[in-house]
Amino acid sequence: MLKTSTIDIETTINSGQVFLWNKIKDHWIGIDGQDLLILNQSPFIARSSSNKVNNFFREEDNLKQILSNISRDKLVEKAVRQSPGLRLMRQDPFQCYISFICSSNSSIQNIKLMLENLCKKFGNKQEFDGYKLSTFPKAEILANASMKELIDCRLGFRAKYVKGAAQAVNSGEIDFTWLKKADYHTSLESLKKVLGIGNKIADCIMLFSLDKMESFPIDRWTQRILLKYYKKIFDTVTEKPVTEKKYEELHENIVKYFGPYAGYAQQFLFKMERDLNKKKWL
DNA sequence: TCATCACCTGGAGA
DNA sequence: ATCTCCAGGTGAT
């Protein structure tokens, strides 16, 4: 048995990685692809409706080594001290992919709403532990959904991206098993061919579902963090939007500085800065 | 390669 | 009430 008790479920869920989770009394229930998951903090219990908890919290990572590695940076060290139980989750790739396409120019609350609508309309109803929830829709279903149905889910301009992205998966053009094995840059280029996916969204998908731990999503918050605390180290960052070219050279320097587990560093820093600004989570 | 701009929608603040 | 602005970006020009 792993030392899972060091995982802080609430902190982890409320760190912007996942959207389809709800707290009911003292435990959390969430949707991960075709599975429903129930998590309880103490005693620590993680159960899946499919009876396989797919190392959802990346239990096989050598956390001690990773944390000590990224904590060479003093601010990361502080962020880790602040949320020692924060973990990266390994999500269902298709759900993660659609989720972050929906995240474009939207808020966490709104993203959650869109995804819940998709589940209700296109998912399969499932009962687990007395809870009735719809799973996340399969690629084939979304690929064949009508634009009206997608618009009705309040996706807005993202509706066409979601449909196209689902079609890419359904046709085999995007193959998550293959992307998991591919290296960071191959995977990145492949994902960016899908309309609606740029560097930031690709990084989120790769970090949260494709085991690319050097992914370091740079969004408004991360940019703010780099500008506020790392102006000296990453001197190309300004308050202006990060262009594609800048994003890529910035990423290279970030990996040089934070190391191959830069994604972990990003997650702790992101959590710290959002909490500091009292931003709402789920 | 870079700078602008539009984009669905819902919620917060003026 | 009504308006404006913004929210974990991206694509088209």
Side-chain angles (χ1 to χ4, degrees), chain A residues 11-21 79 83 86 88-89 91 95-118 120-121 145-165 168 174 188-209 215-228 236-251 254 262-282:
Chain A
T11 298
T12 300
I13 286 175
N14 283 318
S15 68
Q17 316 176 48
V18 290
F19 304 99
L20 290 173
W21 285 83
S83 308
L86 175 60
L88 283 170
M89 289 180 264
Q91 302 178 40
Q95 178 174 328
C96 187
Y97 168 84
I98 297 297
S99 296
F100 283 93
I101 288 173
C102 289
S103 78
S104 167
N105 200 25
S106 191
S107 63
I108 290 179
Q109 286 72 21
N110 203 22
I111 298 162
K112 186 182 184 202
L113 203 64
M114 295 185 241
L115 298 175
E116 282 171 348
N117 290 336
L118 286 175
K120 277 179 208 153
K121 193 184 269 286
S146 71
M147 282 304 289
K148 185 191 179 305
E149 288 176 303
L150 294 173
I151 293 282
D152 285 347
C153 290
R154 319 309 287 158
L155 298 192
F157 65 88
R158 306 162 195 84
K160 55 184 180 292
Y161 299 147
V162 166
K163 185 170 168 71
I174 289 287
L188 174 67
E189 291 313 314
S190 186
L191 286 170
K192 277 168 65 177
K193 284 182 187 146
V194 177
L195 222 55
I197 300 182
N199 284 299
K200 188 269 170 184
I201 289 178
D203 266 332
C204 288
I205 298 166
M206 291 192 291
L207 180 61
F208 302 140
S209 74
S215 301
F216 190 102
I218 304 169
D219 58 15
R220 279 195 168 79
W221 285 96
T222 323
Q223 185 183 3
R224 238 169 266 175
I225 290 165
L226 294 177
L227 191 60
K228 183 172 170 187
T236 59
V237 186
T238 65
E239 56 285 337
K240 287 188 289 191
V242 183
T243 63
E244 183 173 15
K245 170 123 173 115
K246 251 189 189 171
Y247 191 108
E248 281 161 11
E249 67 180 42
L250 197 48
H251 180 261
I254 281 169
Y264 265 99
Q266 185 272 353
Q267 201 61 24
F268 284 101
L269 292 173
F270 183 76
K271 173 72 176 166
M272 181 190 72
E273 196 65 8
R274 293 260 317 188
D275 283 346
L276 182 65
N277 286 276
K278 301 187 184 346
K279 286 309 212 177
K280 280 189 185 164
W281 302 102
L282 292 185

| field | Rounded distance (Å) that lies between atom P of C:dG8 and atom CD of A:Gln17 | value | 15 Å
| If you look at every strand shown and take non-hydrogen atoms under 4.0 Å, does A:Phe100 touch a base, only sugar-phosphate, or nothing? | base
| Over how many whole Å does the gap from A:Glu249 atom CD to B:dT1 atom C1' extend? | 12 Å
| A:Tyr97 OH to C:dT10 P, straight-line distance once rounded to whole Å | 14 Å
| task | Sticking with atom P, work out how far B:dC8 lies from C:dA12, rounded to a whole angstrom. | result | 13 Å
| query | OG of A:Ser99 to CG of A:Leu20: how many Å apart, nearest 0.5 Å? | reply | 6.0 Å
| If we call it a pair only when both distances are under 3.5 Å in a Watson-Crick or G-U wobble match, what pairs with C:dG8? | none
| said: Base, sugar-phosphate or nothing for A:Val194? Non-hydrogen atoms, less than 4.0 Å. | reply: sugar-phosphate
| field | Side chain of A:Asn110 - closest among B:dC7, B:dT9, C:dA7 | value | B:dT9
| A:Lys279 NZ to C:dC6 P, straight-line distance once rounded to whole Å | 11 Å
| query | Distance between the P atoms of C:dC5 and B:dC5, in whole angstroms? | reply | 14 Å
| field | Gap between atoms CH2 and P, on A:Trp281 and B:dG11 respectively (whole Å) | value | 19 Å
| Pairwise P distance, C:dG8 and B:dG13 [rounded to whole Å] | 14 Å
| field | Close side-chain approach of A:Arg154 and A:Leu113, heavy atoms under 4.5 Å | value | no
| field | First of A:Ile197 and A:Lys200 reached from the 5' end of DNA chain C, by closest nucleotide | value | A:Lys200
| message | Counting only heavy atoms not in A:Lys279 (residues, nucleotides, ligands), do more than 12 fall under 6.0 Å from its NZ? | response | no
| message | Using only atom types and a distance under 3.5 Å, with no angle test, would you say the side chain of A:Gln223 pairs donor to acceptor with the backbone of A:Lys240? | response | yes
| request: To the nearest Å, give me how far apart CG (A:Leu195) and P (C:dA12) are. | output: 5 Å
| C:dA7, B:dA3, B:dT9: which one has an atom nearest the side-chain heavy atoms of A:Lys240? | B:dA3
| request: Tell which nucleotide pairs with B:dA3, taking only Watson-Crick or G-U wobble pairs whose two distances are both under 3.5 angstrom. | output: C:dT13
| Taking the same atom, P, in C:dT4 and in B:dA6, what whole-Å distance lies between them? | 15 Å
| field | Short side-chain N/O contact to B:dC8 OP1/OP2 from A:Arg154, under 4.0 Å | value | no
| message | Return the CG to CG distance between A:Asn199 and A:Asp219, rounded to the nearest 0.5 Å. | response | 12.5 Å
| task | Return the nearest nucleotide to the side chain of A:Ser104; candidates are C:dT10, C:dG8, B:dA3. | result | C:dT10
| message | Output the rounded distance in Å from NZ (A:Lys112) to C1' (B:dG11). | response | 15 Å
| DNA chain B: A:Thr243 or A:Leu113, which has the more 5' nearest nucleotide? | A:Thr243
| message | Measure CD1/A:Ile108 against P/C:dC6 and give the value in whole Å, please. | response | 18 Å
| Given B:dA12, is OP1 or OP2 found less than 4.0 Å from the side-chain N or O atoms of A:Lys280? | yes
| said: Any side-chain N or O of A:Arg158 below 4.0 angstrom from OP1/OP2 of B:dC7? | reply: no
| task | Answer yes if the side chains of A:Asp275 and A:Trp281 hold a donor-acceptor pair under 3.5 Å, and no otherwise. | result | yes
